[in-house]
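To keep things clear, I will list the structure first and then write my remarks on it.
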Amino acid sequence: MSHPIGDVAERAAAGFTAQYGGRAAGRWAAPGRVNLIGEHTDYNDGFVLPFALPLRTVAAADRQDGERWTVWSELSDETITFGPDDVAEPGRVTGWGAYVAGVVWALREAGHLVPGARLAIASDVPLGSGLSSSAALESAVLAALLDLGGLELPAERQPRLAQRAENVYVGAPTGIMDQSAVIRCRGGHALFLDCRDESVEHIPFDLDAAGLAVLVIDSRAPHRHADGEYAARRRSCEAGAKALGVAALRDVTVDQLDAALAGLDDEETRRRVRHVVTEDQRVLDTVALLRAGRVRDIGPLLTASHVSMRDDFEITVPEIDTAVEAALAAGALGARMTGGGFGGCVLALVDTDRADAVAAAVTTAYAEQGFTTPNTLTVLPSPGATRLD
């Protein structure tokens, strides 16, 4: 599933030399991310707790004269070039290049003089698995262009600009969590993000000291109806908030939940509301345990989150449920789907010395069900976007 960071950085540098000659002025890396807990809470003004992965996207880059941007990607072995007309309005650059052009567009829209540049992109963040490969690409390119142009953009404002590139230029309706995690995470910590005011707190998440690791399981399940179902869940949450007379479901506490549910006529809406309200509380409970250094004790909260996504929010699929059940049966302290649902990844909190056995148990369970063999990776919380050299 991965190469060490040195490998991907070296591939980006080698790609730059092969495509353009000479050496890049620098290399900038941005990680993928996984959400420890807090699913479908972001657009309900709630709380999330992601951390950055050791998997990285690296941009090797240098300036070039004029307002031209040339980008090579190792994934497609394709080079694209675009200029001012292409970033004058959204949608003129398509495919993977849109994520790069979108960053240039968003910077220019914000009033920055973006330098012309040549970039070579290499990545270990798998596509389509819910680990934020798009945010990693945007954030690596953003870091490179900011440095190459000597542009001033504080770290706390960078996620919103990268999100705007994806929302408006690319046309993907992502929340603020992905870019916040990719840009602002610290090694050994999870990022406690309040999606209403975008305030963050770095929560100690020292798995290594606790003898633990997170096993990330790429379910390899095709994303079934993900876009339409995601939109339907969002509409249900908005309808629930409106019926309850609150700005967002974040404003309903667990103590108020029974009374709130009693005031809703539709059973499906009740289930959706129950998931969001209880999930927000699970994030707060997880943060409290981590602040107290009780890392092992968060396992039941992870599993409860999965049960809620499966039963109340109804966003899991058989491959995902099989992975969670097999991981728990093999000794994981907790396991849950992570991401928007209908495919993607599962994370399991495991004793480090049990990681291989848990991964093997999931693989065996997949084989018994006739599912595509999953990819697994053991990870520790890693740093956010940074310049490598």
Side-chain angles (χ1 to χ4, degrees), residues 33-42 46-54 177 181 185-195 199-217 250 253-255 257 274-313 316 320-321 323-339 345-359 361-362 376-382:
R33 69 96 189 98
V34 69
N35 191 22
L36 182 63
I37 196 165
E39 228 60 78
H40 287 265
T41 50
D42 55 350
F47 307 103
V48 292
L49 193 64
F51 65 91
L53 296 170
M177 177 181 67
C185 274
R186 295 177 182 170
H189 292 74
L191 188 79
F192 180 35
L193 171 66
D194 182 330
C195 294
S199 61
V200 302
E201 181 183 350
H202 297 280
I203 305 298
F205 189 39
D206 193 347
L207 292 169
D208 215 10
L212 300 172
V214 168
L215 180 69
V216 176
I217 304 156
R250 176 254 183 77
T253 67
V254 167
D255 290 341
L257 181 58
R274 183 167 54 217
H275 166 73
V276 173
V277 174
T278 58
E279 186 77 348
D280 268 333
Q281 186 61 49
R282 282 186 287 270
V283 176
L284 298 176
D285 291 345
T286 300
V287 168
L289 288 170
L290 292 179
R291 284 179 180 144
R294 296 169 57 188
V295 183
R296 300 182 71 85
D297 293 340
I298 71 171
L301 291 166
L302 304 182
T303 304
S305 171
H306 183 79
V307 171
S308 182
M309 288 187 286
R310 184 191 67 202
D311 298 345
D312 279 345
F313 225 60
T316 69
I320 291 287
D321 292 332
V324 168
E325 292 159 10
L328 292 170
L333 302 176
R336 64 182 290 272
M337 186 194 74
T338 182
C345 286
V346 164
L347 62 81
L349 183 68
V350 298
D351 287 295
T352 304
D353 60 6
R354 290 287 302 163
D356 288 345
V358 173
V362 173
T376 60
L377 176 71
T378 304
V379 301
L380 298 173
S382 300

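In this chain, numbering begins with 1 at the start of the sequence shown.
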ask   = Looking just at side-chain N and O atoms, do Ser305 and Arg336 make a donor-acceptor pair shorter than 3.5 Å?
value = yes
remark   = Scanning both residues in full, the closest heavy-atom pair of Val283 with Gly38 reads CG2-CA, 3.4 Å
message = Within the 4.5 Å heavy-atom criterion, are Leu349 and Arg296 side-chain neighbours or not?
response = no
ask   = Are any of the side-chain heavy atoms of Met177 and Arg33 separated by less than 4.5 Å?
value = yes
message = Distance check, rounded to the nearest 0.5 Å: Asp194 atom CG versus Ser199 atom OG?
response = 4.5 Å
key: Reported CE-to-CG distance for the pair Met337 and Leu302, which is rounded to 0.5 angstrom   = 13.0 Å
ask   = Between Val254 and Val277, is any pair of side-chain heavy atoms under 4.5 Å apart?
value = yes
remark   = Closest non-hydrogen atoms of Ala348 and Ala332, given as atom of the first, atom of the second and distance, are CB-CB, 4.1 Å
key: Side-chain heavy-atom pair Leu36, Ile298 within 4.5 angstrom cut-off   = yes
request  = Determine yes or no for a side-chain-to-main-chain donor-acceptor pair under 3.5 angstrom, with Thr376 supplying the side chain and Ile217 the backbone.
outcome  = no
task = Test Phe51 against every option in Val34, Leu191, Ile203, Leu380 by the side chain to side chain contact (heavy atoms under 4.5 Å, CB included) rule and name the one that passes.
result = Val34
task = Just do the side chain to side chain contact (heavy atoms under 4.5 Å, CB included) check on Val324 and Thr316 with the steps written out, would you?
result = CA-CA 11 Å; Val324 168; Thr316 69; over 6 Å; no
Any donor-acceptor N/O pair, Thr303 side chain to Ala335 backbone, under 3.5 Å = yes
ask   = Side chain of Thr41, backbone of Phe47: donor and acceptor closer than 3.5 Å?
value = yes
note = So CD1 of Ile320 and NE2 of His306: to nearest 0.5 Å the spacing works out to 7.5 Å
ask   = What closest approach, in Å, do Ala326 and Ala361 show between heavy atoms, and which atom pair accounts for it?
value = CB-O, 4.0 Å
remark   = Paired with Arg274, the salt bridge (Lys or Arg N to Asp or Glu O under 4.0 Å) test is passed by just one of Asp280, Asp311, Asp312, namely Asp312
query = Has the side chain of His189 got a donor or acceptor atom that lies under 3.5 Å from a matching backbone atom of Gly187?
reply = yes
ask   = Between Arg282 and Thr286, do the side chains contain an N or O donor and an N or O acceptor separated by less than 3.5 Å?
value = no
query = Which value, rounded to the nearest 0.5 Å, describes the distance between Cys345 atom SG and Asn35 atom CG?
reply = 12.0 Å
ask   = Looking at Leu290 and Pro204, what are the two nearest heavy atoms and their distance?
value = CB-O, 3.7 Å
Donor-acceptor pair, side chain of Glu279 and main chain of Glu39, under 3.5 angstrom = yes
ask   = What's the shortest heavy-atom distance between Thr278 and Ser308, and which atoms?
value = OG1-OG, 3.9 Å
Check: Leu212 main-chain N/O paired with Thr352 side-chain donor or acceptor under 3.5 Å = yes
Side-chain touch Val295/Leu207, heavy atoms, less than 4.5 angstrom = yes
ask   = Would you say Val362 and Val346 make side-chain contact, with heavy atoms under 4.5 Å?
value = no
query = How many angstroms lie between atom CZ of Arg354 and atom CG of Leu215, to the nearest 0.5 angstrom?
reply = 11.5 Å
ask   = Can you check side chain to side chain contact (heavy atoms under 4.5 Å, CB included) on Thr338 and Val214, steps first, answer last?
value = CA-CA 12 Å; Thr338 182; Val214 168; over 6 Å; no
note = Value for OG1 (Thr253) from CG (Asp255), rounded to nearest 0.5 Å, stands at 5.0 Å
His40 side chain to Met309 backbone, donor-acceptor under 3.5 Å = no
